[in-house]
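Treat the numbers as computed from the prediction; the structure is a model and nothing was measured. We name chains A, B, ... by the order of the sequence lines, and we start the count at 1 in each one. When reading the values below, keep in mind they use all heavy atoms of this one structure, side chains included, and skip hydrogens, waters and symmetry mates.
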Number of protein chains: 2
Amino acid sequence: MDRSKPKLSRIAETLGVSVATVSNALSGKGRVSPELVERIRATAAELGYVPSVAGRALRTGRSGVLGLVLPDIANPLFPQIAQAIEHAAASAGYGVLIADSRGETAMQTEAIGRLIERGVDGMVVVPRRGTRIVEASCPVAVIDSPSTPGNTVAADHWEGGRQMGGHLRELGHRNVLLIGHSPASNVQNDRIGGLKSGLGRGAVTETLWIEKLEAAGGAGCPLGLVEKVRSGVTAVATLSDLIALRALTELQGAGIAVPQAVSVSGFDDLIWSSVVTPGLTTMRMDMETVAEIAVAALVDTIEAERRGGEEQKILGPVSAAVPKVPMELVIRHSTGVAGMGLSQARNRTEGELAS
Amino acid sequence: MDRSKPKLSRIAETLGVSVATVSNALSGKGRVSPELVERIRATAAELGYVPSVAGRALRTGRSGVLGLVLPDIANPLFPQIAQAIEHAAASAGYGVLIADSRGETAMQTEAIGRLIERGVDGMVVVPRRGTRIVEASCPVAVIDSPSTPGNTVAADHWEGGRQMGGHLRELGHRNVLLIGHSPASNVQNDRIGGLKSGLGRGAVTETLWIEKLEAAGGAGCPLGLVEKVRSGVTAVATLSDLIALRALTELQGAGIAVPQAVSVSGFDDLIWSSVVTPGLTTMRMDMETVAEIAVAALVDTIEAERRGGEEQKILGPVSAAVPKVPMELVIRHSTGVAGMGLSQARNRTEGELAS
DNA sequence: TGAAGGTGATTAATCGTTTAATCCGCCTAG
DNA sequence: CTAGGCGGATTAAACGATTAATCACCTTCA
């Protein structure tokens, strides 16, 4: 009664055949008679055989692990991405090793290095804004923005912005405040562009960048939304749900009713978007699909590399066939028809209190 | 000019010594003369030698990878945990493989199985409420609640609750509404217990469980906070920042001023807590320390197992010396002195609008 | 009848590292 | 003068799987 983990040789001697035959049978590669394959399969299952990743990795040179590099794990979008990538990778038979660059650009390179040392077969990278991925000695799938050179796959942020813009336009909003985090982000620029396009030429927009605001006013400083509303803004279209939340509470805290006085919209459909009051109108990206495409592209490249050998060394980002994944407009209660104005909104607030 | 990755043998033949000597020199194990060690180190660096994880793993039987199992990656606390664990693991020279059970209890077992097949040396598990970890054939560190049997390390949720309760008591709150997600969670029960203790015997509390509310009213249903406030509640102490956010917006949306009319407190100091208006008063847990202890316990067990061999097989959860990590009260602006009452709060709201 | 071809299996090398066992001088103590 | 000890290196055997090369045997056709 040997308790140690069964290996190929155990199966082999149990059946009185060679390890090579067992290996062939299990992988379906060589020539093994059907009935022997069946017997080998059976005893393998019976013995609870699990192939050693290390042994296989050493021989084949591939580890069956993908790396996941994100600009900042603390990002609230991370759970969605990680979950989707992990799922897609697991379906393809790969594990996922995480690497955190803790928000620092310099550490991204180091994090990538650690992954490579660990022998990942490929990696999916959500690059820090503006960072170029160069020194990867393995296939890389980049998830950023369709307008980023070298991008592999991404949601169609521009089109998402256009949809949201259209939604606001239909509600009658002509004076819209746009709030993003940083203009250095391709994703945010795409969204802004789409937003403006969707709002149409009749609309007047102003753009606020949190990064600049906080450089002056400190982290978490007020956005000064009350004055903006007073000066005629009827909708605040933000480039992320975190900013939307910030705007929503700042407005509500000042007694301004959302959406009666001002509409607020976000992006990404983060965890809290559905439970706050009013529920946030936002754009959801299909991370499942994005992740599937990214992982598929990676796996394809890895397979090709394995077969092709040294002939075609594909370094740098791999590119997929369908780079743009559509986004979905999620209409909740933070957006409404424009034009009620501030005074009416104040009445409503009082009314609710009095009711 | 051989472009392929340098291995031990390359260094060996470059210097005219044996691979064993190179290995010994690099790992500092055997007996190698100091100057030879130096020369080997030098050429290793020069050649850009990186040890093959696969080769080492095969020989030593350890992969240098830790698994991370969470009840639900979509949980907003996940980024904090993942980041802390990844950091602690990286410092100890380990990689982190993630496993997602997508919120389903059944998949947790399967996820753990996948990690083991991948050959992780140990894993840290944040168990789904009430789940027992049994079938792990490797060291496991459990992060749950100090009151959970088999727990390895956790923040001191009870003491955190007591601190928060004390904070509210000092502000004069005697009628407090407690809101949690599910009574099945040890963590939440600890927090509730501490909260009640901190509030003291003079306080009257009522407890709401979101899970039950939503079972009746559907996901994202209103919490009915307005009536509670009207019936005399001056503070809402929630067991997580997500619930706090939900309470905050529900109250603000109804025109009730926070903290003037009602105080709201949370737990965990999640990403948005500092940027909403008013900033959330919350309890921050020192995930860095928790992660360090968990990883250290794991690494210790792995090391001991390596040296001790088969003698002392430590299956099941490992336990550490310092199981309770203190939490830190973060006072922002969502809590204030009790007693201003609802009417005054309404005045303030109007005042802000008129200013 | 013998060569060619095919099928089902085995042999043995290999991946890169670790490590127990061994070996060779040389110095020292008995 | 020799046995013993020790520092400093080498040899060689794993670890567990994959796979190219080989082999034995059987069929088939010239």
Rounding to a whole Å, what distance do you find between [X]:[atom1] and [N]:[atom2]?
X	N	atom1	atom2	value
B:Glu117	D:dG16	CD	P	17 Å
B:Leu36	D:dT10	CG	C1'	12 Å
B:Lys7	C:dT14	NZ	P	10 Å
A:Leu8	C:dT14	CG	P	20 Å
A:Arg62	C:dG16	CZ	P	14 Å
A:Glu13	C:dT10	CD	C1'	16 Å
A:Arg10	D:dA17	CZ	P	11 Å

In short, B:Glu86 meets B:Val96 closest at the heavy-atom pair CA-CG2, 3.9 Å
Original post:
At their closest point, which heavy atom of B:Ala57 faces which heavy atom of B:Ser63, and how far apart are they?
Top reply: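 Scanning both residues, the minimum pair turns out to be CB-CA, 4.1 Å.
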Within the structure provided, determine whether A:Val120 and A:Val65 are in side-chain contact (heavy-atom separation under 4.5 Å).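 When only atoms from C-beta onward are counted, A:Val65 and A:Val120 do touch, with a gap below 4.5 Å.
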- request: Go through the steps for A:Leu298 and A:Tyr94 under the test side chain to side chain contact (heavy atoms under 4.5 Å, CB included), then give the verdict.
  value: CA-CA 11 Å; A:Leu298 232 35; A:Tyr94 284 81; over 6 Å; no
How far apart are the C-alpha atoms of A:Glu117 and B:Arg56, what are their side-chain angles, what is the distance that settles it, and do they pass the salt bridge (charged side-chain N to carboxylate O under 4.0 Å, His left out) test? CA-CA 12 Å; A:Glu117 283 180 21; B:Arg56 172 177 298 170; over 6 Å; no
Closest approach to the side chain of [X], judged atom by atom: which nucleotide of [options] is it?
X	options	value
A:Arg59	D:dT18, D:dG16, D:dT10	D:dT18
B:Ala20	D:dT10, D:dT18, C:dT17	D:dT10
B:Val17	D:dT10, C:dT10, D:dT18	D:dT10
A:Leu58	C:dT11, C:dC15, D:dT10	C:dC15

Open item on the list: Considering every strand and a 4.0 Å limit on heavy-atom distances, what is the contact class for B:Ser52: base, sugar-phosphate, or nothing?
Closed with: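 The residue B:Ser52 makes sugar-phosphate contact but no base contact.
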Residue met sooner reading DNA chain D from 5', once B:Val22 and A:Tyr49 are mapped to nucleotides
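Nearest-nucleotide comparison on DNA chain D picks B:Val22.
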Here the residues of residues 24-35 of chain A within 4.0 Å heavy-atom distance, strictly under, of DNA chain D are A:Asn24, A:Lys29
Q.
Show, in sequence, the C-alpha distance, side-chain angles and deciding distance for A:Asn151 and A:Thr148, and conclude whether the side chain to side chain donor-acceptor pair (under 3.5 Å) test is met.
A. CA-CA 6 Å; A:Asn151 182 67; A:Thr148 301; 5.5 Å; no
Checklist entry - D:dT10 phosphate, OP1 or OP2: any side-chain N/O from B:Thr21 under 4.0 angstrom? => result yes
*In plain terms, say whether B:Glu110 and B:Arg114 are close enough for a salt bridge, that is, a side-chain N and a carboxylate O under 4.0 Å apart.*
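Result for this pair is yes, salt bridge flagged.
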